[in-house]
Number of protein chains: 2
Amino acid sequence: MCTTEDKIIDAAIVLFSQKGYTAVTTKEIAKEAGVSEMTLFRHFENKHNLFERAFDRFVFTPKFIALFENLEWNLERDLFNICSSYQDVLKKNQKIILMHLKNDEFNPQFEKMLLKFPSEFKNLLRSYFEEMRNRGVIVENPETLAVSFLATNFGLFFTSLVMSKLTFNTDLQTCISNYVKIFTKGISLQK
Amino acid sequence: MCTTEDKIIDAAIVLFSQKGYTAVTTKEIAKEAGVSEMTLFRHFENKHNLFERAFDRFVFTPKFIALFENLEWNLERDLFNICSSYQDVLKKNQKIILMHLKNDEFNPQFEKMLLKFPSEFKNLLRSYFEEMRNRGVIVENPETLAVSFLATNFGLFFTSLVMSKLTFNTDLQTCISNYVKIFTKGISLQK
DNA sequence: TACACATGTTAGTAAGAACTAACATTATAC
DNA sequence: GTATAATGTTAGTTCTTACTAACATGTGTA
């Protein structure tokens, strides 16, 4: 966090995610990092290289997968934990996500990395719902449930991110637990 | 759709929403519109002006509000209609939404226009849920429900938009009706 | 035919951005 | 204290881009 390269990368991530690749100048990044523009080029050679290095810094945590190995098999509690962790991951990576949204014109392998996480996450979710169906807790189609859960969670995150200026009286945390409660009740079998 | 200005504006919207304001050149827009760059400047004076004109073209339909005057007061059916119409509005305006995501560095009044729609929509939703609570159909807090419903809907849209490359086996339509069904069951009172 | 008007073409200006070279300055290690 | 490495400074090159000016071409209308 203290080295020159780190300072530059941090500044780059902030600015790229705010404005997008093209709109940010190297001079700007250097200034934000509190460093001479020359130093930037000495360390990263060129702008695009800096971008790639900045990207490599952020990886979706695989720790997340461990979550699925410590399930309680209680629908509401499990979903709440999953949902919360997912929101954490998204929040931690929000800069890179924004960066991606503003720079998707280039770098296809960039795209692949970003899509790897949600698709793996979906598979984990589907397995979970499959197991819950085997246990007779739910009846719905696991795949559909997984996609729906994934999409809505992403929506919660994204709404709170993009529409932060909307003065809603409800915060994300309340929204999450409320959503999970409704979702749980909505898919639970009852006699 | 046939005038020169329209051709240019259309091209501008496509390119701006794909790449963002800064990354697109006037030459590029002119080429995409099948028109000389000079003609572009003759009509719009400068790039920023073209951007504003392009923005003005897209407005969130107020027709949407009429939907809330023809309610059936059947939870699932109403929500499904609302949800579908909302997805339509979002889809119709997806270019402008993307444009906004890539250009939010400037133009604050731009932001206001974009946020007007979701906040009005949320109020309509809250009124609906309030009335449903009065009728004894649901018990949850109307505000929270409205925000949750809004957020998740936006998430469905956005997921299908951004992550279109994810090869999920479930399409948006299925996802919506499934979500509405679950949501309805989740908030309905039952004996 | 003749005129007006929209568009194309071409050349060019001014500003800004990425990037380089050369030299000056500071800090660190021994 | 001196050598070495990292950083700062300054000036400059090249390229791209927004934008202009002047003139040419074409097209419809009276």
Side-chain angles (χ1 to χ4, degrees), chain A residues 1-57 95 98-107 110, chain B residues 1-57 95 98-110:
Chain A
M1 179 55 191
C2 287
T3 83
T4 305
E5 294 208 353
D6 283 334
K7 277 194 295 184
I8 295 171
I9 288 185
D10 283 341
I13 289 173
V14 170
L15 289 172
F16 282 144
S17 65
Q18 268 173 10
K19 304 184 166 195
Y21 182 80
T22 329
V24 175
T25 69
T26 48
K27 198 186 278 178
E28 222 175 336
I29 298 173
K31 196 180 173 187
E32 169 86 15
V35 125
S36 151
E37 191 183 1
M38 198 52 224
T39 310
L40 184 153
F41 283 109
R42 270 195 273 252
H43 280 278
F44 299 95
E45 211 152 341
N46 55 49
K47 190 185 178 186
H48 192 268
N49 197 31
L50 168 59
F51 182 81
E52 284 185 4
R53 291 279 300 281
F55 179 81
D56 287 343
R57 256 285 211 80
K95 278 181 190 165
L98 282 173
M99 217 161 117
H100 169 64
L101 282 176
K102 305 202 181 196
N103 300 294
D104 53 5
E105 68 255 35
F106 64 141
N107 212 335
F110 186 102
Chain B
M1 180 57 190
C2 288
T3 83
T4 306
E5 294 208 354
D6 283 334
K7 277 194 294 183
I8 295 172
I9 288 185
D10 283 340
I13 288 172
V14 171
L15 290 172
F16 281 144
S17 65
Q18 268 174 8
K19 304 186 167 195
Y21 182 79
T22 329
V24 175
T25 69
T26 48
K27 198 185 279 180
E28 222 176 335
I29 298 172
K31 196 179 172 190
E32 169 86 18
V35 126
S36 151
E37 192 183 1
M38 198 52 225
T39 310
L40 184 153
F41 283 110
R42 272 195 272 253
H43 280 279
F44 299 95
E45 210 150 344
N46 55 48
K47 189 184 178 186
H48 192 269
N49 197 30
L50 167 60
F51 181 82
E52 285 186 5
R53 291 279 302 279
F55 179 81
D56 287 343
R57 255 287 208 75
K95 278 183 189 162
L98 282 173
M99 216 160 119
H100 168 66
L101 282 175
K102 307 206 179 193
N103 300 294
D104 53 5
E105 68 256 34
F106 65 141
N107 214 336
Q109 90 217 71
F110 187 102

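Each chain gets a letter, A, B and so on, in the order its sequence line appears, and its residues count up from 1. Keep in mind the model is a prediction, meaning the values are calculated, not measured.
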For [N] and [X] - does any side-chain N or O of the residue sit under 4.0 Å from the phosphate oxygens OP1/OP2?
X	N	answer
A/His43	D/dT7	yes
B/Thr26	D/dA18	yes
A/Ser36	D/dT7	no

### Message
On a heavy-atom basis, which atom in A/Phe44 and which in A/Ile8 lie closest, and how many Å separate them?
### Response
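Nearest pair, atom of A/Phe44 first, then A/Ile8: CE1-CG2, 3.5 Å.
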For this session: Might you point out which heavy atoms bring B/Glu45 and B/Asn49 nearest each other, and give the distance in Å?
Result: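 Smallest heavy-atom distance, with atoms named: CB-ND2, 4.2 Å.
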Checklist entry - How about A/Leu15 and A/Gln18: do any of their side-chain heavy atoms sit closer than 4.5 Å? => result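 Touching, per the 4.5 Å side-chain cut-off.
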With side chains defined as the heavy atoms from C-beta onward, is the minimum distance between B/Arg53 and B/Glu5 less than 4.5 Å?
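Touching, per the 4.5 Å side-chain cut-off.
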Nearest whole angstrom, please: distance from the [atom2] of [N] to the [atom1] of [X].
X	N	atom1	atom2	answer
B/Phe51	D/dA18	CZ	P	14 Å
A/Leu50	C/dC19	CG	P	10 Å
B/Lys27	C/dG12	NZ	C1'	13 Å
A/Asp6	D/dT7	CG	P	12 Å
A/Glu37	D/dG8	CD	C1'	12 Å
A/Phe44	C/dC19	CZ	P	13 Å
A/Leu15	C/dA18	CG	P	12 Å
B/Asn46	C/dT13	CG	C1'	17 Å

Which of these nucleotides, C/dG8, D/dA18, C/dA22, is closest to any side-chain atom of A/Met38?
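Output: C/dA22.
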Which one, D/dC19, C/dG8, C/dC19, comes nearest to the side chain of A/Phe41?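 Comparing D/dC19, C/dG8, C/dC19 against the side chain of A/Phe41, the answer is C/dC19.
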Could you pick out which residue, A/Arg42 or A/Val24, lies toward the 5' side of DNA chain C when each is mapped onto its nearest nucleotide?
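Residue closer to the 5' terminus by nearest nucleotide: A/Val24.
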Over 60° means perpendicular and under 30° means parallel, so classify the ring planes of B/Phe51 and B/Tyr21, tilted if in between.
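Answer is perpendicular, since the angle exceeds 60°.
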